[in-house]
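Report on the structure given below.
Below, chain A is the first sequence line, B the second, and so on; all start at residue 1.
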Protein chains: 2
Amino acid sequence: MSLKPHDGFVFNHTMLRIKNPVVSVDFYEQVFGMTLLRKLDFPEMSFSLYFLAKLGESDTPPTDEGERTQWTFSQRGVLELTHNWGTESDADFKYHDGNAQPQGFGHICFAVPDLNRAVAWFDEKGLDYVKRPDQGKMKNVAFVKDPDGYWIEIVQPDLLGGLGR
Amino acid sequence: MSLKPHDGFVFNHTMLRIKNPVVSVDFYEQVFGMTLLRKLDFPEMSFSLYFLAKLGESDTPPTDEGERTQWTFSQRGVLELTHNWGTESDADFKYHDGNAQPQGFGHICFAVPDLNRAVAWFDEKGLDYVKRPDQGKMKNVAFVKDPDGYWIEIVQPDLLGGLGR
């Protein structure tokens with residue numbers, strides 16, 4: 001069997017810029033149960049990177065820092081948050097969510113085992129909604145906002161078997 | 001052990017709007033070896049969704065359409081491309097990459113087993129670079145562009161153990 005040029009490629013992560021890492025890392029940890037795998041600081045360029053993943057039971061990230069960095073870059077489904085130092089103390093600073101004009105990036109999405117229970121959890125945490133499951137044309141799909149206003153889609157996979165044509 | 005509200009959550013996908021699905025789906029299939037898991041059409045809203053993933057050897061998506069949709073929404077590391085019908089025939093139409101102002105979304109990233117071999121492959125396919133591995137301050141990291149100009153970071157995990165502080 002011949003080796004293909006893209007054998008072993010892994011869709012590793014999606015990067016979003018965030019205004020305040022204290023707020024955003026806490027949000028993804030507390031609300032979505034993600035784990036901060038690595039924080040990488042680049043003082044000469046005045047930014048830090050936060051790599052988070054929603055680990056499954058069988059995921060065992062190494063404890064050694066270098067090995068853990070390699071492991072982080074080898075996984076699927078990692079979220080990289082970029083913090084350019086200082087934005088958190090600028091009251092007027094705001095990132096662009098990609099859904100207002102000019103459009104491009106749309107959202108990230110989490111699958112959940114039970115949409116109603118997830119919505120109750122998000123309500124308990126006081127999240128802002130773009131749309132609740134019963135609003136709009138696409139039922140059984142919710143959109144919440146993260147601290148920077150990025151949209152997070154929430155779906156329950158076994159409710160979506162009949163989606164689209 | 002008590003159940004946590006975010007148990008079973010999965011970071012499923014990242015959505016990017018694309019101008020032309022023929023060009024973009026071909027790009028992600030041919031260059032990155034991704035598989036188009038599902039195409040979902042919404043004629044009443046004049047858009048289509050394309051869900052792609054870079055499958056591993058142990059991934060076995062179901063063939064039944066409904067089951068395959070559910071399976072797609074249950075995975076990590078899926079890329080959703082949204083096509084609003086008609087944009088492909090508007091010569092002036094262009095999506096925003098998130099790195100020009102106003103900034104927000106930054107990039108997606110693929111891990112590759114061999115960065116040099118990947119770069120040779122991208123050169124063979126004629127890809128545009130944001131930066132080659134030997135340019136800029138971050139060595140061993142490349143950025144290429146997808147057909148809409150979205151940035152795709154390319155990393156070889158075992159070269160990055162010493163990244164950052």
Given that the side chain runs from C-beta out, which part of B:Val155 has a heavy atom under 4.5 Å from chain A: side chain, backbone, both or neither? side chain

If hydrophobic clusters are built from ILVMFWY residues whose side chains come within less than 4.5 Å, do A:Val22 and A:Ile18 share one? no

For atom CD of A:Glu65, is the number of surrounding heavy atoms from other residues, nucleotides or ligands below 6.0 Å larger than 12? no

Students often mix this up, so state it plainly: with edges at 30° and 60°, are the rings of A:Phe122 and B:Phe9 parallel, tilted or perpendicular? perpendicular

According to a 4.5 Å side-chain heavy-atom criterion applied to Ile, Leu, Val, Met, Phe, Trp and Tyr, with indirect links allowed, do A:Ile108 and A:Leu52 form part of one hydrophobic cluster? yes

Residue, of B:Arg117, B:His107, B:Glu44, that accumulates the most heavy atom pairs under 4.5 Å with chain A: B:His107

Applying a strict 4.5 Å limit to non-hydrogen atoms, the region of B:Asn84 in contact with chain A is neither

Checked A:Leu16, A:Thr14, A:Leu79, A:Leu49 vs chain B; the most non-hydrogen pairs under 4.5 Å come from A:Thr14

For the candidates B:Gly8, B:Gly56, B:Pro5, which exhibits the highest count of non-hydrogen atom pairs separated by less than 4.5 Å from chain A? B:Pro5

Per-residue tally against chain A (heavy atom, under 4.5 Å) across B:Val10, B:Asn12, B:Leu40 peaks at B:Val10

Given a strict heavy-atom distance threshold of 4.5 Å, which part of B:Leu159 is in contact with chain A: side chain, backbone, both, or neither? neither

Heavy-atom proximity to chain B below 4.5 Å, by part of A:Phe32: both

Give, for atom OG1 of A:Thr82 and atom CZ of B:Phe105, the distance between the pair rounded to the nearest 0.5 Å. 11.0 Å

B:Ser74, part contacting chain A, at a heavy-atom distance under 4.5 Å: both

Checking A:Leu160 against B:Arg38 for the side chain to side chain contact (heavy atoms under 4.5 Å, CB included) test, could you report, in this order, the C-alpha distance in whole Å, the side-chain angles of both residues, the deciding distance, and whether it holds? CA-CA 12 Å; A:Leu160 299 182; B:Arg38 292 294 280 122; over 6 Å; no

Pick from B:Gln156, B:Glu80, B:Gln70: which one has the most heavy-atom pairs with chain A under 4.5 Å? B:Gln70

Could you have a look at B:Gln101, B:Gln103, B:Lys137 and say which one has the most heavy-atom pairs with chain A under 4.5 angstrom? B:Gln103

Distance from A:Lys4 atom NZ to B:Trp121 atom CH2, nearest 0.5 Å? 10.5 Å

Could you check which of B:Met34, B:Met45, B:Lys39, B:Glu67 has the highest count of heavy-atom pairs closer than 4.5 Å to chain A? B:Met45

Ranked by heavy-atom pairs below 4.5 Å to chain B, first place among A:Phe110, A:Tyr150, A:Trp151 goes to A:Phe110

For residues B:Leu127 and B:Leu115: do they belong to one hydrophobic cluster (side chain heavy atoms under 4.5 Å, members Ile, Leu, Val, Met, Phe, Trp, Tyr)? yes

For A:Gln30 and B:His6, which heavy atoms make the closest approach, and how far apart are they? O-CD2, 3.3 Å

According to a 4.5 Å side-chain heavy-atom criterion applied to Ile, Leu, Val, Met, Phe, Trp and Tyr, with indirect links allowed, do A:Tyr50 and A:Phe73 form part of one hydrophobic cluster? no

Between A:Phe11 and B:Val78, the two heavy atoms sitting closest are CE2-O, 3.6 Å

Closest approach of A:Asp7 to B:Pro113 (non-hydrogen atoms, all atoms of both residues): O-CG, 3.4 Å

Return the CZ to NZ distance between A:Arg76 and B:Lys54, rounded to the nearest 0.5 Å. 8.5 Å

What option among A:Cys109, A:Gly161, A:Gly164 has the most heavy-atom pairs under 4.5 Å with chain B? A:Cys109

Linking I/L/V/M/F/W/Y whenever their side-chain heavy atoms sit closer than 4.5 Å, directly or via other members, would B:Ile152 and B:Leu81 fall into one cluster? yes

How many angstroms lie between CG in A:Asp158 and OG1 in B:Thr69, if you round to the nearest 0.5 Å? 12.5 Å

